[in-house]
Asks: 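Quick one: the structure is below, questions incoming.
Residue indices begin at 1 and follow the sequence shown.
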Amino acid sequence: MDYRVYSFTRRNGRAENQDYLFYEKKQFAESETLLLFGVCDGMGGMDNGSEISRLTAWTFEAYFSRYMAAALAQAKAPVLPHSRMEQILIHSVKAVQKTICAYMIKHEIDGGSTLTAAVIAEKMLYVVNSGDSPCYLINRQRESIELISEIENFAYEGLKQGKFTDVKSREFYRASSYLTNFIGSQRFREPKVRRYPVIAGDLILMGSDGLFGNLDQTEIFQEAVQISAVKLPEQLACRTASEGETDNQSGIVCRVTEI
């Protein structure tokens, strides 16, 4: 399997960029090379946002590698079952939560970060997240787009409960600023893992909430159809900034080129 990864990040209208992107190819012994990538968005208005988002990414990568190596050694096989990969991702996020909370207590920091991470291995995409940094699976040939991460904020919680019906409303946009879950939260909820087979032509688009602004899925898909993958994150950032978005803007696109 082959893929191309493109990224974009900028502080936009903020004093500093509290987003942090990561992506890395990894190979454990005889296993197929897998791709790990993700985005962390430090809590705006809270302490040390850029530091916490960076530490969240680093610790997630470290825990994932540790758990993967141990699982493959125990299995004595180059491929893990889907359920085991899902367990590794959940355990990694929970370990990050524990580590970041301990760090913030030690250093008297009141903060946090979102974490959305994806793994592509053995023609399968796994996505796990805490917070509201979205991830979409797009296929231009099939004319499809699907939100494949949880959006854990008051706006989407209200959407599920029927409190909001218009995602373009000012009330919905205002509610989206308040998260219901994130790394470092006192009320942290265990994440879920979503799993999808990938095919050639798929785009996995992931970013901080500032990248997408007030765009709905139809508008995001229209941009994906009209713009090359390499320019897509920057184009989304420019469009939402022109519509008033001032938050940090960061995004990653992974384009599956061959299965």
Asks: So does Thr9 get a backbone contact from the side chain of Gln249, meaning a donor-acceptor N/O pair under 3.5 Å?
Replies: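 No; zero donor-acceptor contacts below 3.5 Å.
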Asks: Quick one: do Lys160 and Glu150 make a salt bridge, cutoff under 4.0 Å?
Replies: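 Yes, Lys160 and Glu150 are salt-bridged.
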Asks: Check the surroundings of atom OH in Tyr23: do more than 12 heavy atoms from other residues, nucleotides or ligands lie under 6.0 Å from it?
Replies: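 Atom OH in Tyr23 is not crowded, with 12 or fewer foreign heavy atoms closer than 6.0 Å.
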Asks: Please examine the side chains of Cys135 and Val39, heavy atoms only from C-beta on, and report whether any two atoms are closer than 4.5 Å.
Replies: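 Result no, sub-4.5 Å side-chain heavy-atom pair not found.
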Asks: In Å and rounded to the nearest 0.5 Å, what is the CG to CG distance from Asn153 to Leu159?
Replies: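 Rounded to the nearest 0.5 Å, the CG-CG separation comes out at 10.0 Å.
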Asks: Scan Thr116, Asn129, Val127 and name whichever one has a side-chain contact (heavy atoms from CB on, under 4.5 Å) with Ile148.
Replies: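 Of the listed residues Thr116, Asn129, Val127, the side-chain contact (heavy atoms from CB on, under 4.5 Å) partner of Ile148 is Val127.
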Asks: I'd like to know if the side chain of Asn248 reaches the main chain of Arg11, judged simply by a donor and an acceptor atom lying under 3.5 Å from each other, with no hydrogens or angles considered.
Replies: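 Answer holds: yes.
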Asks: What is the distance from atom CE of Met206 to atom CG of Leu211, rounded to the nearest 0.5 Å?
Replies: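 One gets 12.0 Å once the value is rounded to the nearest 0.5 Å.
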Asks: Answer yes when Arg194 and Glu146 have at least one side-chain N-carboxylate O distance shorter than 4.0 Å, and no when they do not.
Replies: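 Between Glu146 and Arg194 there is no salt bridge, as every charged N stays at least 4.0 Å from the carboxylate O atoms.
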Asks: Counting only heavy atoms not in Gln74 (residues, nucleotides, ligands), do more than 12 fall under 6.0 Å from its CD?
Replies: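 12 or below, so no.
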Asks: May I ask you to check whether Phe172 and Tyr156 place their ring centers less than 6.0 Å from one another?
Replies: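 Close enough - the centres of the two rings lie under 6.0 Å apart.
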Asks: Parallel, tilted or perpendicular: which fits the ring planes of Phe212 and Tyr136, with parallel below 30° and perpendicular above 60°?
Replies: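 Perpendicular.
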Asks: With heavy-atom distances below 4.5 Å as the criterion, would you say the side chains of Phe221 and Glu143 are in contact?
Replies: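 They are in side-chain contact.
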Asks: In plain terms, say whether Glu223 and Arg239 are close enough for a salt bridge, that is, a side-chain N and a carboxylate O under 4.0 Å apart.
Replies: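 Salt bridge: yes.
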Asks: Taking the six-membered ring for Trp, are Tyr63 and Tyr67 parallel (under 30°), tilted (30 to 60°) or perpendicular (over 60°)?
Replies: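 It falls in the parallel class, under 30°.
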Asks: Are Val256 and Leu35 in one and the same hydrophobic cluster, where Ile, Leu, Val, Met, Phe, Trp and Tyr link if side-chain heavy atoms are under 4.5 Å apart?
Replies: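 Yes, Val256 and Leu35 fall within the same hydrophobic cluster.
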Asks: Should Glu157 and Arg189 be marked as a salt bridge (Lys or Arg N to Asp or Glu O under 4.0 Å) after you check the CA-CA gap, both sets of side-chain angles, and the distance that decides it?
Replies: CA-CA 14 Å; Glu157 293 288 336; Arg189 297 198 303 262; 3.7 Å; yes
Asks: Give a yes or no on this: more than 12 heavy atoms of other residues, nucleotides or ligands lie within 6.0 Å of atom CD of Glu108.
Replies: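 For Glu108, atom CD is not crowded (no more than 12 foreign heavy atoms under 6.0 Å).
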Asks: Should the pair Phe22 and Phe60 be assigned to parallel (<30°), tilted (30 to 60°) or perpendicular (>60°) ring geometry?
Replies: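 Answer is tilted, since the angle falls between 30° and 60°.
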